[in-house]
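Structure first, commentary second.
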There are 2 protein chains.
Amino acid sequence: MKSEKISEAVVRRLPVYLRFLNDLQKREILTVSSQELGQKLDLNPAQIRKDLAYFGDFGRKGIGYDVSYLIEKIRHILKLDQQINVALVGAGNLGHALSNYNAYLKDTMKITAVFDSYPPKIGQKINSLVVQPMEELERTIREQGIRIGIITVPDHEAQNVADILVASGIEAILNFAPVILKTPSDIRVHGADFTTDLQSLAYYLRDGKEEAADEQPQNLN
Amino acid sequence: MKSEKISEAVVRRLPVYLRFLNDLQKREILTVSSQELGQKLDLNPAQIRKDLAYFGDFGRKGIGYDVSYLIEKIRHILKLDQQINVALVGAGNLGHALSNYNAYLKDTMKITAVFDSYPPKIGQKINSLVVQPMEELERTIREQGIRIGIITVPDHEAQNVADILVASGIEAILNFAPVILKTPSDIRVHGADFTTDLQSLAYYLRDGKEEAADEQPQNLN
DNA sequence: TAGATTGTTAATCGATTAACAATC
DNA sequence: TAGATTGTTAATCGATTAACAATC
């Protein structure tokens with residue numbers, strides 16, 4: 001175990017490990033090696049060992065990692081061994097879809113409040129949660145000890161919502177709006193805009209499907 | 001301009017540049033410097049200049065970048081100057097939400113077909129698209145020249161759907177299911193699983209909210 | 001001309017991978 | 001014991017940033 005600072009790349013892999021370990025556990029597999037893990041997850045085994053070793057000596061030489069033990073450890077590292085309440089701001093289609101994942105997040109994280117600024121939405125029910133007006137956001141966040149906010153409002157409202165969330169004492173934001181949010185440096189923001197994903201995917205499409213491009217052929221790439 | 005291979009990090013920033021440039025254009029701003037860009041997007045100006053220089057000499061020394069010209073160039077690089085048809089597989093809540101973004105993707109990418117394997121869904125309308133059965137996937141993909149597939153089915157169906165998409169001639173996949181897909185190396189896959197995002201966010205929450213942890217205080221991190 | 005800003009090279013920083021002693 | 005596999009150090013690889021000549 002070291003006490004260097006952990007890079008974001010490492011932290012982002014932990015949930016991937018966890019997911020697969022949960023799978024193994026369901027299949028009643030007791031032990032797994034970094035090699036098997038690497039093969040299934042498309043990662044270098046050395047990288048996996050190194051990632052885990054940042055946090056402790058979780059494996060046994062010659063044997064591998066105990067599945068249950070490693071699950072427990074990663075859950076603790078990710079703070080998924082405590083209940084984390086989440087607020088969803090934006091009760092549109094996407095918000096609706098995300099709130100359904102409560103079942104999936106079950107034990108650990110839970111969307112416990114939904115907000116929207118559009119009056120006709122207020123009071124509507126989304127999976128047993130009642131949509132609340134923005135005016136109640138701060139109070140609800142403090143009362144329920146909500147620590148993470150998910151933003152699924154239109155672009156032009158996103159920054160404003162972020163400001164309100166921050167002012168209400170939220171610690172981290174998952175932002176689905178296609179904008180770069182400005183927030184204090186101690187607030188963690190992850191972008192989850194799928195249009196950006198789609199557009200970068202397009203780059204990797206095969207060339208040459210355009211009809212009659214008026215350039216010299218293949219001078220780029 | 002060089003002809004090195006372009007890293008994924010660079011490609012992922014291009015849509016971010018594009019988004020902001022579109023903004024500037026709407027506000028009728030004609031020119032922008034790497035410095036302004038960097039400030040707004042939270043990136044190093046040198047990095048932005050370098051990113052763009054991979055693809056050509058788009059700027060003018062002493063002046064900056066012409067907004068319209070740069071938009072045109074990035075759109076071309078990302079192949080967003082041709083129409084790209086997209087298939088959505090999985091007509092659940094999330095699929096529903098994504099299909100709404102057609103308006104947003106407008107000019108360039110378009111979800112032109114929706115599939116589901118659950119009989120009661122077949123024939124239902126989702127934003128003017130009729131949900132088709134999986135059996136029609138291959139034919140529709142070929143007929144419509146669909147090149148990208150979005151997977152929004154439950155975890156355990158995702159790999160199967162990916163296999164079918166690949167067999168149907170798709171070139172790239174955006175996968176919302178929380179699994180690592182196995183695909184041929186010439187198929188580009190981007191993961192867009194928001195549960196992973198949320199879990200890694202939890203890592204960055206402030207410590208010490210757990211009541212009475214039975215460990216030595218702050219020996220980690 | 002003076003000031004601004006690019007494109008690019010060189011320096012730095014950080015992340016991934018290989019290799020291997022320790023050990024189950 | 002022999003084989004397997006970890007944790008970790010060293011080597012490699014790649015990405016970011018600084019610096020600056022070229023030039024608008």
* Asked: Do A:His190 and B:Tyr204 have side chains that get closer than 4.5 Å, going by heavy atoms?
  ->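 SC-SC contact between A:His190 and B:Tyr204 confirmed.
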* Asked: Heavy atoms, side chains only, cut-off 4.5 Å: are B:Ile180 and A:Arg19 in contact?
  ->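 A side-chain contact exists here, since the closest heavy-atom pair is under 4.5 Å.
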Of all residues at least two apart in sequence or in a different chain, which pass the side-chain contact (heavy atoms from CB on, under 4.5 Å) check with [X]?
X	answer
A:Ala192	A:Leu174, A:Phe176, B:Asp197
B:Gln35	B:Ser33
A:Asp163	A:Gln159
B:Leu30	none

* To do: Would you list the pairs meeting side-chain hydrogen bond (donor to acceptor under 3.5 Å, both in side chains) in which at least one residue belongs to residues 22-32 of chain A, sequence neighbours left out?
  =>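 Of all non-adjacent pairs touching residues 22-32 of chain A, those that pass side-chain hydrogen bond (donor to acceptor under 3.5 Å, both in side chains) are A:Gln25-A:Ser68.
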Below 3.5 Å is the cut-off: list the nitrogen or oxygen pairs between protein and nucleotides 14-16 of chain C, distance only.
{"unit_1": "C:dT16", "atom_1": "OP1", "unit_2": "A:Arg13", "atom_2": "NH1", "d": "3.1"}
{"unit_1": "C:dT16", "atom_1": "OP2", "unit_2": "A:Arg13", "atom_2": "NH2", "d": "3.2"}
{"unit_1": "C:dT16", "atom_1": "OP2", "unit_2": "A:Gln47", "atom_2": "NE2", "d": "3.2"}
{"unit_1": "C:dT16", "atom_1": "O5'", "unit_2": "A:Gln47", "atom_2": "NE2", "d": "2.8"}

In whole angstrom, what separates [X]'s [atom1] from [N]'s [atom2]?
X	N	atom1	atom2	answer
B:Arg60	C:dG3	CZ	P	20 Å
A:Ile63	C:dC24	CD1	C1'	5 Å
A:Leu52	D:dT8	CG	P	12 Å
B:Ile48	C:dT5	CD1	C1'	13 Å
A:Phe58	C:dC24	CZ	P	17 Å
A:Asp57	D:dT8	CG	C1'	10 Å

What are the atom names and distances for every N/O pair under 3.5 Å that joins the protein to nucleotides 19-23 of chain C?
{"unit_1": "C:dA19", "atom_1": "N6", "unit_2": "A:Arg49", "atom_2": "NH2", "d": "3.2"}

* Flag, side chain of A:Thr152 to backbone of A:Gly90, donor-acceptor distance under 3.5 Å ->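 Yes, A:Thr152 side chain to A:Gly90 backbone: donor-acceptor pair under 3.5 Å.
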* To do: Compare side-chain N and O positions of B:Ser34 against OP1 and OP2 of C:dT5 and report whether any pair is under 4.0 Å apart.
  =>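 No, no such contact exists.
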* OP1 or OP2 of C:dC24 sitting under 4.0 Å from any side-chain N/O of A:Tyr65? ->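 No, outside the criterion.
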* Asked: Crowded around A:Gln144 CD? As in, over 12 foreign heavy atoms under 6.0 Å?
  ->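 Correct, the count exceeds 12.
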Among residues at least two apart in sequence or on other chains, which ones pass salt bridge (Lys or Arg N to Asp or Glu O under 4.0 Å) with [X]?
X	answer
A:Glu157	none
A:Asp51	A:Arg13
A:Glu8	A:Arg12, A:Arg188

* Where does DNA chain C pair, written as one dot-bracket string 5' to 3', with Watson-Crick or G-U pairs under 3.5 Å, ( ) inside the strand, [ ] for crossing pairs and | for another strand? -> ..||||||||||||||||||||||
* Mind checking the CD-CG spacing from A:Glu138 to A:Leu165? Nearest 0.5 Å is all I need. =>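 With rounding to 0.5 Å, CD (A:Glu138) is 10.5 Å from CG (A:Leu165).
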* In residues 21-31 of chain B, what residues come within less than 4.0 Å of DNA chain D, judged by heavy atoms? ->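 Per residue number, the list is empty: none.
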